[in-house]
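Quick notes on the structure that follows.
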Amino acid sequence: MDHLPVFLTLRDRSVLVVGAGESAARKARLLRRAGARIHIVAPQANAELSALARQGAVTLHLRPFEPADLRDRAAVWAATGRPAVDETVAAAARARALPVNVVDRPDLSNFIMPAIIDRNPIIVAVSSGGAAPVLARRIRAQLERTLPARLGHLARFAGRFRSAAKASLPAGLPRLRFWEGVFDGPIAAAVLAGEEAQASERMLLAVNRNAPSGQRPEGIVHLVGAGPGDPDLLTLRALHLLQTADVIVHDRLIGPDILDYARRDAKRIYVGKAAGKPSLAQADINALLLRHAEAGQRVVRLKGGDPFVFGRGGEEMNYLRQRGITVEVVPGITAALGCAAAAGVPLTQRGVSSAVTFVTGHGRAGEPDVDWSALASPSHTLVIYMAAGRARSVAARLIEHGLAGTTPAAIIENGTRPEQQVWTGCLGTLRDQRPRLGADGPALIVVGQVAARAQSAIAVAAPFAQAG
Ligand code: SAH
């Protein structure tokens, strides 16, 4: 090991930065986060550092560096970008045995700066010892993706219970097992899901019972939006949950590409339509989620798009919460947004469309309960979900309620996926012909002036069946 990683305490300690350009400003930002009292020496300062000095966040000395500037400093950064000056600062600091870092000059530095992941109080530092800073930054980016955003909350949460756990559990293995149970189990999952109040209750019970989750382990259900299909559109939270779930319950809209990102040994349960068999009834899905959560498992209920947009996420959430199960809802990119982006359709546009409505083409008993007259307006974009097979009747209703037959319309099938297909036309053709799109994959219809923009990355093969 060429460098020993240590974490420096700089709160309320005085540090020196020589230089006041962009790279000095980067150091100053970091040092502020560490609570240091920052002195900056440079003949001129950039706008950011001047502004910070006016707010009193840093002390600016607008003159060249002098060795006396090093007095009483805890550490020194040279970031002038001028080799002669940086070398003078480094030599003077080393002569006083001060820790000194020269930006991009490990040869002049007696400590180096790592790439940092800040989930305070959890801090991860990655260093290549100056050999390959870009590689270190890539490693940081990979870690960033896998560490949950609320990791710092979890560490602080655990910190609050440290002395209680110490008091009620013998040191050594029992206490170690206790904390492992906390971090691997539903208590940590609840904190990371933002349900700290519930987690605290469970934690109190657990500390008092000397066991992280007592006799009956309690699970959690995450209702996770998986987006419209392209795995790149998963949220970081969704990705993280997929990689830590015990059980993944998914349906027809979730493609294999998305499941490739899931933990290999997670149990996968398909609740969509299989060949010849109908999909599970909602009541059966609810019961399945409950059963696994009650068995103490971390369940990811993976839904296409967003769980709260035509996804019955609300029903599942209510059912589970009424039965005392912790539920977290993780939003996803809903099909309308994904498809619009993939087909180049701005859903609103100044002077063209001032509103957008997401509406279902499919009601409980077939024909949806939709007030078409309220929606039939030329400056309004409509995105109709679940309209496959109903394109003609939807178009007919909109024309009946006053929209011109020439109003542009588009159908986007398998939006954001490699098989995406796009049809463009107008309400009149939609009503009188029978676009075939929607037969092979999920499809939605966009109606309004903006739909004329829809374009396909790939050619549309035979967009129409025979009229009739
Ligand atoms: N919760 C989902 C919608 C579920 S309803 C969401 O927020 O996107 C199912 C309907 O969504 C389908 O009938 C179709 O209209 C639409 N849909 C979902 N994924 C789609 C995709 N990749 N391309 C086109 N439409 C899609």
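All ligand and atom numbering here is 1-based and tracks the order in the structure.
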Looking only at distance, does [X] have an N or O less than 3.5 Å from an N or O of ligand 1?
X	value
T334	yes
I333	no
G415	yes
A443	yes
P228	yes
D306	yes

Is the [atom1] atom of [X] crowded by more than 12 outside heavy atoms at less than 6.0 Å?
X	atom1	value
R323	CZ	yes
R252	CZ	no
D257	CG	yes

Check whether NZ of the Lys or CZ of the Arg R268 lies under 6.0 Å from the centre of the six-membered ring of Y270 and within 45 degrees of that ring's axis.
no
With no hydrogens and no angle check, do the side chains of Q198 and T326 hold a donor and an acceptor under 3.5 Å apart?
yes
Ligand-residue contact atoms, ligand 1 with I412, heavy atoms, under 4.0 Å:
24 (C)
Counting each atom of ligand 1 from 1 as listed, which ones have a heavy atom of N414 under 4.0 Å away?
22 (N), 23 (N)
Shortest reach to atom 9 (C) of ligand 1 by a heavy atom, considering only E413, R417, M386
M386
Quick one: look up the protein heavy atom nearest [atom] and list residue, atom name and how far away it is.
atom	value
atom 11 (O) of ligand 1	Y385 CD2, 3.4 Å
atom 3 (C) of ligand 1	V309 O, 3.5 Å
atom 5 (S) of ligand 1	F310 O, 3.5 Å

Look at the rings of F183 and W179 and say which category their plane angle falls in: under 30° parallel, 30 to 60° tilted, over 60° perpendicular.
parallel
Check for me whether G304 has a heavy atom closer than 4.0 Å to any atom of ligand 1.
yes
